[in-house]
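Basis for what follows: all heavy atoms, side chains included, without hydrogens, waters or symmetry-related copies. Start at 1 and go down the list; that is how both ligands and their atoms are numbered. For this chain, numbers begin at 1 and follow the sequence in order.
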Amino acid sequence: MNAMKIPAALLPSDGRFGSGPAKIRPEAVAELASEGSRLLGTSHRQPPVKDLVRRVRTGLMDLFSAPDGYTVVLGNGGAAAFWDVAAFSLIIKRSSHGTFGEFSTKFAKTVAAAPHLEDPAVASVRAGSVILPEPVPDADTYAWAHNETSTGATAPVHRIGGADPEALVVIDGTSAAGGIRFNLNQTDVYFFAPQKCLGSDGGIWLAFLSPAAVERVELLASDRWIPDILSLKMAFDHSMQNTTLNTPAIATLFLLEQQVRWLNDNGGLGFAAERCLSSARILYSWAEQNPATTPFVAEPGLRSPVVGTIDFRPEIEAARIAATLRAAGIVDVEPYRTLGRNQLRVGMFPNVDPGDVAALCQCIDWVVERMDN
Ligand SMILES: *Cc1c(COP(=O)(O)O)cnc(C)c1O
């Protein structure tokens with residue numbers, strides 16, 4: 001089976017379709033090797049790296065058209081670490097979550113495990129759909145994921161009707177940030193890591209904070225013990241100086257700055273979102289017309305423009321397709337580990353050329369035609 005060799009003429013120009021870590025532009029890597037090599041191995045407390053952090057922060061403010069008073073904070077540990085940051089530095093007593101896949105569920109579980117908090121309210125729905133948190137009278141924080149990377153479903157981002165107006169909206173935007181348009185002023189905290197749409201490596205988290213979020217952070221910092229690494233107050237204070245609590249990965253920051261600049265120079269979030277939508281239209285219309293496949297997310301309005309999940313008829317083994325693609329250099333289209341479906345998952349972040357998504361579809365067709373089903 002794996003001796004099956006996809007003709008070179010069908011192959012995409014770049015075979016990286018992962019949902020994170022995801023394709024990094026070769027131009028950014030080349031820039032890292034030339035310009036970036038002057039920063040690598042130098043102090044993050046000195047002006048050159050501090051200036052890099054400043055450009056990341058102001059570039060993100062531009063990219064997301066951040067409203068007045070919002071600010072960008074960053075720290076080490078990646079997006080999953082931010083779930084613990086939220087448990088310590090954002091939630092006063094009780095949160096309300098919408099869970100519709102692995103990432104939004106893990107966020108709620110992290111909070112549920114925190115001994116200093118009450119059990120969160122959790123609204124859940126089966127994988128492939130979306131549910132927002134329910135308004136509950138004692139909730140001081142509302143949380144969900146903008147894009148559920150494990151299932152390929154995208155949720156709306158807006159304030160929850162019937163919630164306490166003082167409650168914060170905290171959104172895990174990790175796989176959406178930089179690829180899906182939304183209004184930042186509908187959130188108080190929008191956090192993400194840069195290894196998905198933002199074309200960099202993992203290991204850091206970034207978060208937009210509203211004025212109300214900053215107030216909350218100050219309140220809790222003076223009120224409870226918080227480990228330094230999970231203290232949003234510490235991260236905030238350092239970020240205002242364009243530094244981090246401890247040493248960041250300078251290469252990650254450099255690649256992030258390259259990507260943010262590339263997106264802003266080409267038209268910002270509108271450009272990025274359109275590029276992802278072009279890829280998504282190609283993938284979903286192919287999957288709808290193909291007798292072998294169906295889009296996993298049944299409701300077209302919930303289908304993610306950045307992470308596409310495609311089910312195969314049971315007699316066509318998706319894992320074998322993924323293995324054949326991998327042998328040809330097309331990588332990371334395997335489905336999310338725990339979803340357990342006969343499926344392929346395709347990362348369509350802004351760095352992915354829509355033409356390459358079309359080529360991927362052709363390659364899949366080529367493989368399926370030659371499988372002995
Ligand atoms: C990838 C992802 C995470 C985890 O990010 P890490 O940086 O690996 O911790 C969290 N939430 C969502 C929605 C993601 O897509």
Side-chain angles (χ1 to χ4, degrees), residues 16-24 56 60 73-87 90 95 97-111 124-125 127-133 142-157 169-180 182 187 189-208 229-230 235 244 248-249 251-253 255-256 259 276 297 302-309 332-339 345-352:
R16 290 174 290 178
F17 293 98
S19 295
K23 179 181 170 187
I24 300 176
V56 165
L60 287 169
V73 174
L74 69 160
N76 284 317
F82 199 90
W83 299 332
D84 283 304
V85 170
L90 290 169
S95 51
H97 297 251
T99 68
F100 40 94
E102 204 58 33
F103 290 98
S104 46
T105 300
K106 280 189 187 154
F107 188 178
K109 281 190 175 156
T110 298
V111 169
S124 0
V125 74
S129 190
V130 152
I131 192 166
L132 296 191
Y142 288 84
W144 66 99
H146 190 175
N147 187 74
E148 185 39 87
T149 320
S150 67
T151 68
T154 300
V157 170
V169 169
V170 177
I171 301 292
D172 180 350
T174 304
S175 56
I180 303 181
F182 73 105
T187 75
V189 179
Y190 189 85
F191 68 91
F192 49 93
Q195 71 273 21
K196 303 189 184 186
C197 295
L198 291 167
S200 182
D201 242 336
I204 60 171
W205 55 258
L206 300 109
F208 281 95
I229 198 75
L230 301 177
T244 41
T252 300
L253 290 167
L255 291 170
L256 172 58
Q259 177 81 351
C276 298
V297 177
L302 300 180
R303 284 177 197 157
S304 171
V306 288
V307 175
T309 45
D332 300 339
V333 295
E334 289 83 4
Y336 190 78
R337 286 166 290 143
T338 53
L339 192 63
R345 181 176 64 150
V346 181
M348 303 177 286
F349 300 125
N351 284 348
V352 171

Measuring from each atom of ligand 1, which residues have a heavy atom under 4.0 Å away? Gly78, Ala79, Ala80, Trp83, Phe103, Asn147, Thr149, Asp172, Thr174, Ser175, Ala193, Gln195, Lys196

I want to check something: taking the side chain as every heavy atom from C-beta on, are Arg345 and Tyr336 in contact at a cut-off of under 4.5 Å? yes

Looking only at heavy atoms, which two atoms of Asn147 and Ala176 are closest? And how far apart? CB-CB, 3.8 Å

Do you see a donor-acceptor pair shorter than 3.5 Å between the side chains of Glu148 and Ser104? yes

Are any non-hydrogen side-chain atoms of Thr149 and Lys196 less than 4.5 angstrom apart? yes

Spatial distance of atom CH2 (Trp144) from atom OG1 (Thr187) [nearest 0.5 Å]: 9.0 Å

Under the side chain to side chain contact (heavy atoms under 4.5 Å, CB included) test, which residues partner Ala251, sequence neighbours left out? Leu32, Leu40

